[in-house]
Amino acid sequence: MRFTGQVAIVTGGAGGIGQASAKLLASQGAKVIVADINPQAGEQVAADIRAEGHEAQFHAVDVSNFERVEALVQFAIETYGQLDIMFNNAGIFGDGTENVIDMPVETYKRTIGINQDGVFYGIKAAAAQMKDKGGVIINTASIYAYIADKNQFPYHASKAAVVGMTKAAALELARYNIRVVAIAPGMIDTGLVDAWRADERVWNTIQKAHMRRQLGTAEQVAQVVAFLASDEASFMNGHAYFVDDGAASFKR
Ligand SMILES: NC(=O)c1ccc[n+]([C@@H]2O[C@H](COP(=O)([O-])OP(=O)(O)OC[C@H]3O[C@@H](n4cnc5c(N)ncnc54)[C@H](O)[C@@H]3O)[C@@H](O)[C@H]2O)c1
């Protein structure tokens with residue numbers, strides 16, 4: 001299988017894109033650490049993977065805490081002896097009320113702490129383990145790193161930073177044969193966008209933001225994550241790759 005003998009950490013592995021990616025990587029042979037701040041949902045994902053005959057363990061983590069992220073990487077080493085794939089995916093979205101003037105500074109800092117600092121900590125802790133035998137680090141950015149929406153100021157800031165960190169880390173870590181890439185999804189039908197589902201007008205607008213007028217699924221994104229993690233993508237490095245049905249490519 002594609003990832004036989006390899007070990008992967010997936011942060012945000014309890015929900016949406018992370019859950020689908022953890023399941024797909026495990027089904028293709030990886031031993032997976034499902035890492036999340038939500039222990040109930042995370043334990044369940046790991047149990048589901050094992051029930052399918054694959055290998056997974058849950059580890060609780062708040063990615064905005066560097067010591068906890070270091071402990072997560074250490075857990076992977078203690079449990080499975082190595083780390084080959086790090087998917088820095090955990091993230092939060094704003095509630096759509098965060099205009100730059102009125103938004104509390106704490107709201108900004110919280111989003112940056114999880115979406116931006118969390119990715120930095122994941123890169124730093126994983127690369128320290130990978131530098132002797134190489135590996136792949138995948139970071140979840142967003143089309144919102146490139147196009148602006150109103151009232152999501154900290155989210156835009158954090159996702160643009162993820163793209164910048166991906167480039168800088170790829171350059172610095174190339175000498176260790178560590179590839180660093182990012183994905184930039186469009187709107188994906190996960191818990192992250194649930195709040196918008198109830199309002200038909202808003203939901204229609206979100207759908208129409210994509211060339212084929214529908215949101216993506218977590219499984220569609222997971223397929224790209226698995227490809228980027230694989231040797232088939234061995235010449236792909238230092239970029240964010242859109243997974244957005246063209247959403248960032250056309251005028252609305
Ligand atoms: N859904 C979308 O439309 C979309 C679009 C572009 C990018 N993204 C990004 O994709 C990633 C995954 O989002 P999703 O759509 O699967 O959302 P989701 O809410 O379904 O899953 C996110 C997971 O991250 C976990 N999490 C939140 N804060 C955490 C923390 N501090 N430490 C550890 N885990 C934490 C949550 O418990 C949850 O399981 C995020 O980085 C998000 O910004 C999502």
Side-chain angles (χ1 to χ4, degrees), residues 9-24 33-46 48 58-73 75 86-96 109-122 125 138-147 149 152 154-163 165-166 182-197 202-203 205-207 209-210 214-222 224-225 240-245 247-248:
I9 292 175
V10 178
T11 73
I17 293 168
Q19 177 179 156
S21 301
K23 288 181 172 172
L24 186 62
I33 307 291
V34 176
D36 204 283
I37 203 165
N38 180 338
Q40 287 80 22
E43 292 279 14
Q44 187 59 54
V45 173
D48 290 347
F58 172 73
H59 190 79
V61 69
D62 176 352
V63 297
S64 68
N65 179 323
F66 180 56
E67 284 72 34
R68 298 294 303 140
V69 176
E70 273 194 313
L72 165 66
V73 170
F75 177 77
M86 181 77 180
F87 184 24
N88 294 309
N89 167 73
I92 57 169
F93 199 41
D95 63 7
K109 286 187 174 170
R110 177 162 183 269
T111 303
I112 297 294
I114 296 170
N115 293 10
Q116 178 175 334
D117 297 350
V119 169
F120 162 52
Y121 299 155
I138 302 169
N139 304 317
T140 302
S142 167
I143 56 170
Y144 278 11
Y146 302 93
I147 59 171
D149 203 354
Q152 291 291 350
Y155 191 80
H156 287 294
S158 67
K159 294 302 184 180
V162 170
V163 174
M165 290 191 290
T166 298
I183 53 167
M187 286 293 190
I188 309 301
D189 196 352
T190 69
L192 199 91
V193 298
D194 264 349
W196 283 268
R197 199 184 308 270
V202 173
W203 195 249
T205 306
I206 293 175
Q207 288 180 311
H210 303 86
Q214 56 185 2
L215 280 74
T217 66
E219 288 71 24
Q220 286 174 310
V221 180
V224 178
V225 171
Y241 300 98
F242 289 106
V243 191
D244 71 337
D245 194 39

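Just the heavy atoms: all of them, side chains too, but no hydrogens, waters or symmetry mates, feed the values below. Order of listing sets the numbers, starting from 1, for every ligand and every atom in it.
The main-chain N or O of Ala60 is found under 3.5 Å from a side-chain atom of Arg68 such that the two form a donor-acceptor pair. A donor-acceptor pair is defined here as one N or O able to donate and one able to accept, closer than 3.5 Å; such a pair exists between the side chain of His210 and the backbone of Met187. Lys159 places no side-chain N or O within donor-acceptor distance of the main-chain N or O of Asn115, the cut-off being under 3.5 Å. Side-chain atoms of Ser142 never come within 3.5 Å of backbone atoms of Ala145 as a donor-acceptor pair (strictly under, hydrogens ignored).
Per-residue contacts place Ala90 under 4.0 angstrom from the following atoms of ligand 1 (heavy atoms of the residue considered): 24 (O), 33 (C), 34 (N), 35 (C), 41 (O). The contact set between ligand 1 and Gly191, taken as ligand atoms under 4.0 Å from a residue heavy atom, comprises 20 (O). Atoms of ligand 1 lying under 4.0 Å from at least one heavy atom of Thr140, given by number and element, are 9 (C), 10 (O), 11 (C), 41 (O). The contact set between ligand 1 and Val193, taken as ligand atoms under 4.0 Å from a residue heavy atom, comprises 3 (O). When each atom of ligand 1 is checked for a heavy atom of Gly186 under 4.0 Å away, the hits are 3 (O), 4 (C), 5 (C), 6 (C). For ligand 1, the atoms lying closer than 4.0 Å to a non-hydrogen atom of Ala141 are 7 (C). Per-residue contacts place Val61 under 4.0 angstrom from the following atoms of ligand 1 (heavy atoms of the residue considered): 32 (N), 33 (C). The contact set between ligand 1 and Ser142, taken as ligand atoms under 4.0 Å from a residue heavy atom, comprises 6 (C), 7 (C).
Counted within 6.0 Å of CD on Gln207, heavy atoms from surrounding residues, nucleotides or ligands total more than 12; the atom is thus considered enclosed.
Contacts of Asn89 with ligand 1, taken as heavy-atom pairs under 4.0 Å, involve both backbone and side chain. At a heavy-atom distance under 4.0 Å, only side-chain atoms of Tyr155, from C-beta outward, approach ligand 1. Only side-chain heavy atoms of Lys159 come within less than 4.0 Å of ligand 1; its backbone N, CA, C and O stay farther off.
Heavy atoms of Ala20 stay at 4.0 angstrom or farther from ligand 1. Heavy-atom distances between Asp62 and ligand 1 reach below 4.0 Å in at least one pair.
Checked by atom type, the side-chain pair Asp149/Tyr144 shows a donor-acceptor distance below 3.5 Å. At a cut-off of 3.5 Å, with distance as the only test, no side-chain donor of Asn88 or Thr11 sits close to an acceptor on the other residue.
For ligand 1, the polar-atom distance check against Val63 finds a nitrogen or oxygen pair separated by under 3.5 Å. Considering backbone and side-chain N/O of Met187, none are found under 3.5 Å from N/O of ligand 1. Checked by distance only, ligand 1 and Thr190 come closer than 3.5 Å through their nitrogen or oxygen atoms. Residue-to-ligand polar distances keep Ser64 apart from ligand 1: every N/O pair is separated by 3.5 Å or more.
From the protein, the heavy atom lying nearest to atom 22 (C) of ligand 1 is Gly91 O, 4.0 Å. Nearest protein heavy-atom contact of atom 36 (C) of ligand 1 is Asp36 OD1, 3.5 Å. The single protein non-hydrogen atom nearest to atom 34 (N) of ligand 1 is Ile37 N, 3.3 Å, given as residue, atom name and distance. The single protein non-hydrogen atom nearest to atom 20 (O) of ligand 1 is Gly16 N, 3.3 Å, given as residue, atom name and distance. The protein heavy-atom contact nearest to atom 24 (O) of ligand 1 is Gly12 CA, 3.4 Å. Protein heavy atom closest to atom 3 (O) of ligand 1, with residue, atom name and distance, is Ile188 N, 2.7 Å. In this structure, atom 16 (O) of ligand 1 lies nearest to the protein heavy atom Ile17 N, 2.8 Å.
Taking OG1 of Thr111 as the reference point, atom OH of Tyr155 lies at 10.0 Å (rounded to 0.5 Å). Note that CZ of Phe58 is 5.5 Å distant from CD of Glu43, once rounded to the nearest 0.5 Å.
Closest approach of Gly186 and Asp244 over heavy atoms only: N-CB, 3.4 Å. Among all heavy-atom pairs drawn from Met165 and Gln116, the shortest one is CE-O, 3.4 Å. Looking at every heavy atom in both residues, Ala14 comes nearest to Asn38 through CB-O, 4.1 Å. Taking both residues in full, the closest heavy atoms of Ala247 and Ile147 are given as O-CD1, 4.3 Å, listed atom of the first, atom of the second, then distance.
Below 30°, between 30° and 60°, or above 60°: for Phe242 and Tyr146 the angle between ring planes is between 30° and 60°, a tilted geometry.
Side-chain rings of Phe120 and Phe66 stay apart, their centers remaining 6.0 Å or farther from each other.
Nearest to atom 4 (C) of ligand 1 by heavy-atom distance, out of Leu192, Thr11, Val119, Ile143, is Leu192.
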